[in-house]
Colleague: 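Before I ask anything, here is the structure I am working with.
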Amino acid sequence: RDGFVLSLDASGDGLFGYFLRLNLGGSVADGTILPEKEISREWDGSWQGYTAVSDDGWSAEIFVPWSMMALPRSERDGTRRIGVYFERDVSHRNEKWSWPALPDTNPEYLSAFQPFELEGIDPATQFTFYPYGSATRDNLSDEVEYRAGADLYWRPNANSQLSATLNPDFGTVESDDIVVNLGAFETFFSDQRPFFVEGQDVFVATPRAGGGGPFGPITMLNTRRIGASARFDVPDDVSVDPVERAQPTELLGALKSTGQTGSWRYGALLASEDDTVITGRDESDGRVPVEAAGRDFAIGRLLYEDTTGGGRRGIGWMGTRRSHPDRDATANGVDLHYFSADTRWIFDGQIMHSDNGEVTGQGGLFDLAYRPGQGTQHSFTGTFMDSDFDINDVGFLQRNDHYVLDYRYSRTVSGLENARNRTRSMNVINQWNGDGRPVRLGLFFGQNLTFYDNTGLGINFRYFPPRVDDRLSRGNGSYEIPARYSGNIRWNSDRSRPLTLNLQLNSSQEDVGRSNVAYTVGLDWRPSDRISITGELQYRDRDGWLIHQGGDHIAAFQANGWFPELDMSYFLSARQYFSLRMQWTGIKAKEHYHYRVNQTRVDELQRIARPEGDSRDFSISRMTFQARYRWEIAPLSDLFVVYTRGSNLPRDTEGPFNDLFTESWSERIADSLVVKLRYRLGG
């Protein structure tokens, strides 16, 4: 688990960079860096690295071709400024050593890399061709599908790149996590497709584009919309298999251009989907074709950044358009960025406008941080979205009609008498809707400790004042939620050991005041330098899970569930590995209380008698299993052999949890074997 990291500020001015990690065993990882420490691990570069063990330690050697990264045009008589950062992970001490010394409490990161002036860095024109071929066997239909396509990258000079993809093959070697979402807000999934990940950093308008939180990221470009499942207009007398309806849409192709000239960076992305036809069944069980027109996407990006005199200032524009016979949608945004020369102030903001042809909306956000000294930070988060603002045709936004002004204070100190470091934080949550009603309020306190024996302890307490829920009823009224409390405690053993134990207890109150308790046990075991096993088991007991039942009817369920995950990896060599991944979600819920939403005024939920009819008890049993072999033949040239199996049992399934688990394995809705070869040609 020892590792060596080389990070490069390719811009020379703290604007964008790359990190390359080489582990003792020879395995590699890489990604991109945006100011000041926005790290993405989705980028892959064509570099090489090797390690050797000696009598007194180990050494690493890395070869980095300059042509694999974006480089501004050199304006210093052939001399180029590059920032360099080195980091060593010392696993037996659970420490990181770096040069320059940039601890997590330091407000600077990318802009503080050690500057070097290098001569003779002027990469030649580069053309790279990535053809692929794949064969997919569907074990349920006993059919085999063959596909072929290619990604093309042309870099006419060091500071620009043009790329295209033809007949892309998406989603065959990666699977998303299982998420059970019965609420009113969409779940965000990141993109893992190589073409869309490459050069994506210029389209990241603010740090909020990749952030989480209770309402997920806010971004004008969510590339998962491109090639998402089509929207079918299915007649009332026709039924369609939900699995077939949810299949991704085929792409005819996509084109992307990114680059930099002087202080300006730019990007453009075009993509076109094919029309989709699936088969439905009418009332007489006859086959009926159901069609959906493909969508066209266009995204543009322009960013100006200035670092003269220290610090960083930037202003950018981003525009998106989705064209479809049913509806066209356009969005535009302007983003602002400021990082003071004394490193104390950081500001990122964006103002946006949306137009879907029927209504227009406005929205905006900002993040302001003040760091008076190392380890201390005050953060302010603001969001304002009117009720007509909508960027979800191309981007991602969990909710509109949202007005936010949150505050967070954190303080980290090191070298205490009984602890290596301690972080204390306080959050004030203040979020309202356009009617002037609070939709999320809170006062949070937290403390995280790392002890000298490398164990860790975290304690958090949260108080939620009364608020209003204006989304769960799906437009059928808002209702009041009383004050609630929640807290959690977690502990981990020494992470430098081959066996690490993680324990966590979460206790909170449901929106109707009843209990919601989760127990989590995690285990990381590395019996050798070739084998890694990570497992987690969570049990959750809920006494008042609110689920919308249609109209103004909401029911509270008593639910308990098991959520096991298992990841196993075996490295045959540094360039070949075999992995197994299993995730299962099993939930059993029984109807408990029933409520109506008062649609004449905002009030507490009104308790009603159990409606007549069938029981609303349900169970959820979903499983994904993937066995994957990967051979990195050369940098960015891979052979994959992937077996995927998935299930989603009917919601009325009964029986104990062990039967649900067994049936999830046998009653599959996906069962496929994929062999895929992607090879890099060019230099």
Side-chain angles (χ1 to χ4, degrees), residues 178-187 234 236-243 245-246 281 283 469 471-482 484 507-519 538-564 583-599 603-624 646-669:
I178 294 177
V179 176
V180 175
N181 184 357
L182 302 181
F185 299 107
E186 180 185 4
T187 300
V234 182
D236 294 337
D237 59 345
V238 175
S239 61
V240 176
D241 185 350
V243 176
R245 187 171 183 170
R281 297 282 181 175
E283 295 177 346
D469 190 305
R471 286 293 189 267
L472 186 61
S473 68
R474 278 40 169 207
N476 290 281
S478 302
Y479 59 90
E480 294 179 349
I481 296 174
R484 296 166 298 126
S507 179
S508 60
Q509 292 177 294
E510 299 280 7
D511 288 350
V512 289
R514 296 181 176 273
S515 64
N516 179 352
V517 183
Y519 311 87
Q538 181 182 104
Y539 174 75
R540 175 171 289 184
D541 189 357
R542 308 186 65 171
D543 194 29
W545 184 14
L546 294 182
I547 300 177
H548 183 235
Q549 302 296 300
D552 60 358
H553 181 194
I554 294 177
F557 289 81
Q558 289 181 322
N560 56 344
W562 291 93
F563 309 89
Q583 184 180 17
W584 181 64
T585 293
I587 301 174
K588 297 174 66 175
K590 295 184 178 297
E591 59 179 326
H592 194 33
Y593 297 113
H594 292 264
Y595 302 93
R596 293 277 185 197
V597 180
N598 190 335
Q599 299 192 58
D603 201 352
E604 294 183 356
L605 289 172
Q606 301 172 355
R607 179 84 174 273
I608 60 174
R610 179 185 181 278
E612 296 182 358
D614 296 335
S615 170
R616 288 175 170 79
D617 297 351
F618 68 91
S619 64
I620 293 176
S621 182
R622 299 178 185 175
M623 175 183 288
T624 60
S647 64
N648 186 7
L649 297 184
R651 291 184 59 179
D652 57 355
T653 303
E654 297 182 355
F657 280 108
N658 58 332
D659 289 347
L660 293 180
F661 181 85
T662 303
E663 292 175 16
S664 289
W665 177 259
S666 58
E667 301 297 328
R668 62 201 188 280
I669 61 173

Colleague: Hey, could you give me the CG/CG distance between D469 and L546, rounded to the nearest 0.5 Å?
Modeller: 8.0 Å

Colleague: Please verify the inter-ring angle class for H553 with H594; under 30° counts as parallel, over 60° as perpendicular, anything in between as tilted.
Modeller: tilted

Colleague: For a quick test of reading the model, state the closest non-hydrogen atom pair linking F657 to G586 and the distance between them.
Modeller: CE2-O, 3.4 Å

Colleague: Determine whether D541 and Y519 make a side-chain contact, defined as any pair of heavy atoms from C-beta on separated by less than 4.5 Å.
Modeller: no

Colleague: Work out which heavy atom in Q549 is nearest to a heavy atom in I547; give both atom names and the distance.
Modeller: NE2-O, 3.1 Å

Colleague: Side chains of F557 and I587: closer than 4.5 Å at any heavy-atom pair?
Modeller: no

Colleague: Does any part of the side chain of P564, heavy atoms only, come nearer than 4.5 Å to the side chain of M623, both counted from C-beta?
Modeller: no

Colleague: Determine the interplanar angle of the F661 and W584 rings, folded into 0 to 90°, and report it as parallel if under 30°, tilted if 30 to 60°, perpendicular if over 60°.
Modeller: perpendicular

Colleague: Decide yes or no for D543 and E510: does some side-chain heavy atom of the first lie under 4.5 Å from some side-chain heavy atom of the second?
Modeller: no

Colleague: Can you measure from CD (E283) to CG (D237) and round to the nearest 0.5 angstrom?
Modeller: 5.0 Å

Colleague: Between H592, R542, K588, E591, which is the residue that forms a side chain to side chain contact (heavy atoms under 4.5 Å, CB included) with Q558?
Modeller: H592

Colleague: Go through the structure and list residues passing salt bridge (charged side-chain N to carboxylate O under 4.0 Å, His left out) with E667, not counting sequence neighbours.
Modeller: none

Colleague: State which residues pass salt bridge (charged side-chain N to carboxylate O under 4.0 Å, His left out) with D511; sequence neighbours excluded, sorted by chain then number.
Modeller: R467, R484

Colleague: Kindly give the heavy-atom pair with the smallest separation between G544 and V512, and that separation in Å.
Modeller: O-CG2, 3.8 Å

Colleague: Roughly how far, to the nearest 0.5 Å, is CG of N648 from OG1 of T624?
Modeller: 11.5 Å

Colleague: Is any side-chain heavy atom of L660 less than 4.5 Å from a side-chain heavy atom of W562?
Modeller: no

Colleague: Can you tell me if D614 has over 12 outside heavy atoms packed within less than 6.0 Å of its CG?
Modeller: no

Colleague: Any chance you could measure F185, atom CZ, to R471, atom CZ, to the nearest 0.5 Å?
Modeller: 6.0 Å

Colleague: Of all the heavy-atom pairs spanning S647 and S664, show the shortest one and how long it is.
Modeller: OG-O, 2.7 Å

Colleague: Is it the case that the side chain of R474 and the backbone of L472 share a donor-acceptor pair, with hydrogens and angles ignored and the cut-off at 3.5 Å?
Modeller: yes

Colleague: Checking R596 now: which residues fulfil salt bridge (charged side-chain N to carboxylate O under 4.0 Å, His left out) with it, not counting sequence neighbours?
Modeller: D552

Colleague: I need the minimum non-hydrogen distance between V597 and S473, along with the two atoms involved.
Modeller: CG2-CB, 4.1 Å

Colleague: In the structure I gave you, are the side-chain heavy atoms of R540 and W545 within less than 4.5 Å of one another anywhere?
Modeller: no

Colleague: Specify the closest pair of heavy atoms between R245 and V240, including all atoms of both residues, with the distance to one decimal.
Modeller: CB-CG1, 4.0 Å

